[in-house]
Number of protein chains: 2
Amino acid sequence: MPIQSLTERQQKVYDFVKEFLEAHGYPPTLQEMANTLKIQPSAVRAHLLLMAKKNALRYVPHISRGIELLQERPVGIPIYGSAPAGHPFMAQDNIVDTFELRRYISASDDLFGVYVRGDSMKDAQLSTGDLLFVDPKKDPRNGEIVVAAVEGEPTIKRYYKEDGTIELRPENKKYKPIVVNTWDENFKILGVVIGMIRALDKKKLDTIAADYQTHGRVS
Amino acid sequence: MPIQSLTERQQKVYDFVKEFLEAHGYPPTLQEMANTLKIQPSAVRAHLLLMAKKNALRYVPHISRGIELLQERPVGIPIYGSAPAGHPFMAQDNIVDTFELRRYISASDDLFGVYVRGDSMKDAQLSTGDLLFVDPKKDPRNGEIVVAAVEGEPTIKRYYKEDGTIELRPENKKYKPIVVNTWDENFKILGVVIGMIRALDKKKLDTIAADYQTHGRVS
DNA sequence: CTTTATAGTATATAAATTTACACTATAAAG
DNA sequence: CTTTATAGTGTAAATTTATATACTATAAAG
């Protein structure tokens, strides 16, 4: 069922509910809406009933504050695609998806993060300051990037398993691969890197730089 | 003020409010809570008042359903730092921060995203499939990466302003900079790239590849 | 052994909130 | 020119909801 467009007045009511909800955490009463919009509660009620019919919200009669907004714009971030020439880039119908972290980085609950240090994964386009999302429950496949502990030292490398050995390859010719036996006790896969996020604005970069001295990163 | 921990019963009430909110979009009444928990409204009220004192929620007396949950547990992801040799990497005291998207990518509300296409920003370590976070309200500074529309075509480049001209430089020697006049009407800065996220697990990469044919990316 | 915090029952009252009903008015559609 | 959808006013009644008050009970702390 498509979302029918709201009239000007209905939009005003809808907006008020939205703002009220954000401010208070619960919806307004008919009275509260009526006061702000300077109309009668009965009139507000009529608007709500109409909007409910249009599927813009749910209105439960007999229930105080019984309003639920639908089409909650997700906390998400709209993602624009490329549009045909001449078509405005930032138009509603050029939104190809909505970004929600939970959906994008879908992994087990005990997902964790590490910051990258150094240039050993340069050719995989990972650089100092990048934040990696690591899934500790996922079994690594050959070619995937993993966080491993070698003799207690965490390190980021590409994973290749062959017979009884595991090879951890850096992505930079300057460094050499590490080869360990699968039964080696001084070695442990901490998790598989399933995502990465990088801050690019200057203020954030400064913060990261400051952090750098306080906390370590994993190379 | 630290969040004092809830007693077992308080947690039950809290959880019920949370579930009710998710199911209905508005908080429950004392009566509704009392019915489900099989206690009296007065008892529920007492719990709410206590929890409000503990800052677990806001409770507005005299207001029907006047409950707002606070401390929405952030969808946060723990970030581990590098620990002294021998110290277990994934220990509680090695958590240097918690990742929350809204804090990490702090920008104006109308933040949007675009997927990268092509290799024109290769040397800035951006590759096809990366998702960029773009702030349309931020004024670009020299050297920052921006999304611009040149003759209607969106493009990702590094921004340099000098006198009356703006230079949009790719980060790949294969491509040439674009130079436009500041007053050029066929040119518009759509926003400044303030962050990037990349999916690295295979399943996600496949999804992106499938998407690729349906929707476009911005080069 | 007394205080304090938590957890409850039970009931009447007060206040908040929704609702029904009777009307008016305007603009667009058929 | 009549119907339909929207947008209201105003009021009393019905219902929902919160609150005050008086008690009981348990466990932990001092």
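Only a predicted model underlies this, so the values are computations on that prediction, with no experimental measurement involved. Each chain gets a letter, A, B and so on, in the order its sequence line appears, and its residues count up from 1.
- Distance from the side chain of B:Tyr59 is smallest for D:dT19 among the nucleotides D:dT19, C:dT17, D:dT9.
- Summarising the geometry, the separation between CG on A:Asn35 and C1' on D:dT9 is reported as 15 Å, rounded to the nearest angstrom.
- When each of B:His47 and A:Ile63 is assigned the nucleotide of DNA chain C with its nearest heavy atom, B:His47 is the one assigned upstream, toward the 5' end.
- Summarising the geometry, the separation between CG on B:Leu30 and P on C:dA15 is reported as 17 Å, rounded to the nearest angstrom.
- Residue A:Gln40 has a polar side-chain atom (N or O) positioned under 4.0 Å from OP1 or OP2 of D:dG10.
- Atom CZ of B:Arg58 sits in a sparse spot, with 12 or fewer heavy atoms from other residues, nucleotides or ligands closer than 6.0 Å.
- Residue B:Arg45 has a polar side-chain atom (N or O) positioned under 4.0 Å from OP1 or OP2 of D:dT19.
- Stem regions for DNA chain D, each three or more consecutive Watson-Crick or G-U pairs with both distances under 3.5 Å and listed by first number, read C:1-30 with D:1-30.
- Note: NZ (B:Lys53) to P (C:dA7) measures 13 Å, nearest angstrom.
- The separation between B:Met51 atom CE and C:dA7 atom P is 9 Å, rounded to whole Å.
- Between D:dT16 and B:Ser64, no contact under 4.0 Å exists linking OP1 or OP2 to a side-chain N or O.
- Looking at B:Asp130, its side chain does come within 3.5 Å of a backbone N or O of B:Ser127 through a donor-acceptor pair.
- Between A:Arg65 and C:dT17, a side-chain N or O to OP1/OP2 separation shorter than 4.0 Å is present.
- The base of C:dG8 lies outside donor-acceptor range of the side chain of B:Ser42, with no N or O pair under 3.5 Å.
- In this structure, B:His24 and B:Tyr26 have tilted ring planes: the angle between them lies in the 30° to 60° band.
- The phosphate of C:dA7 (OP1 or OP2) has a side-chain N or O of B:Thr7 nearer than 4.0 angstrom.
- When rounded to the nearest whole Å, the span between CD of A:Gln31 and P of D:dT15 equals 19 Å.
- Atom CE in B:Met33 sits about 11 Å away from atom C1' in D:dT17, given to the nearest Å.
- Between B:Leu30 and B:Pro41, the closest heavy-atom pair is CB-CB, 4.2 Å.
- Of all the heavy atoms in B:Glu144 and B:Arg141, the pair that sits closest is OE1-N, 2.9 Å.
- Between the A:Asp135 side chain and the A:Lys137 main chain, a donor and an acceptor come within less than 3.5 Å of each other.
- Within 4.0 Å of A:Lys38, counting heavy atoms only, lie sugar-phosphate atoms of the nucleic acid but no base atom.
- Using modelled atom types, no side-chain atom of B:Arg169 and backbone atom of B:Tyr160 make a donor-acceptor pair closer than 3.5 Å.
- The separation between B:Arg9 atom CZ and D:dA27 atom C1' is 16 Å, rounded to whole Å.
- Listed pair B:Tyr26 / D:dT17 fails the phosphate criterion, with no side-chain N or O lying under 4.0 Å from OP1 or OP2.
- The interatomic distance linking B:Ile39 (CD1) with C:dA10 (P) rounds to 13 Å, in whole Å.
- Looking at B:Thr182, its side chain does come within 3.5 Å of a backbone N or O of B:Gly164 through a donor-acceptor pair.
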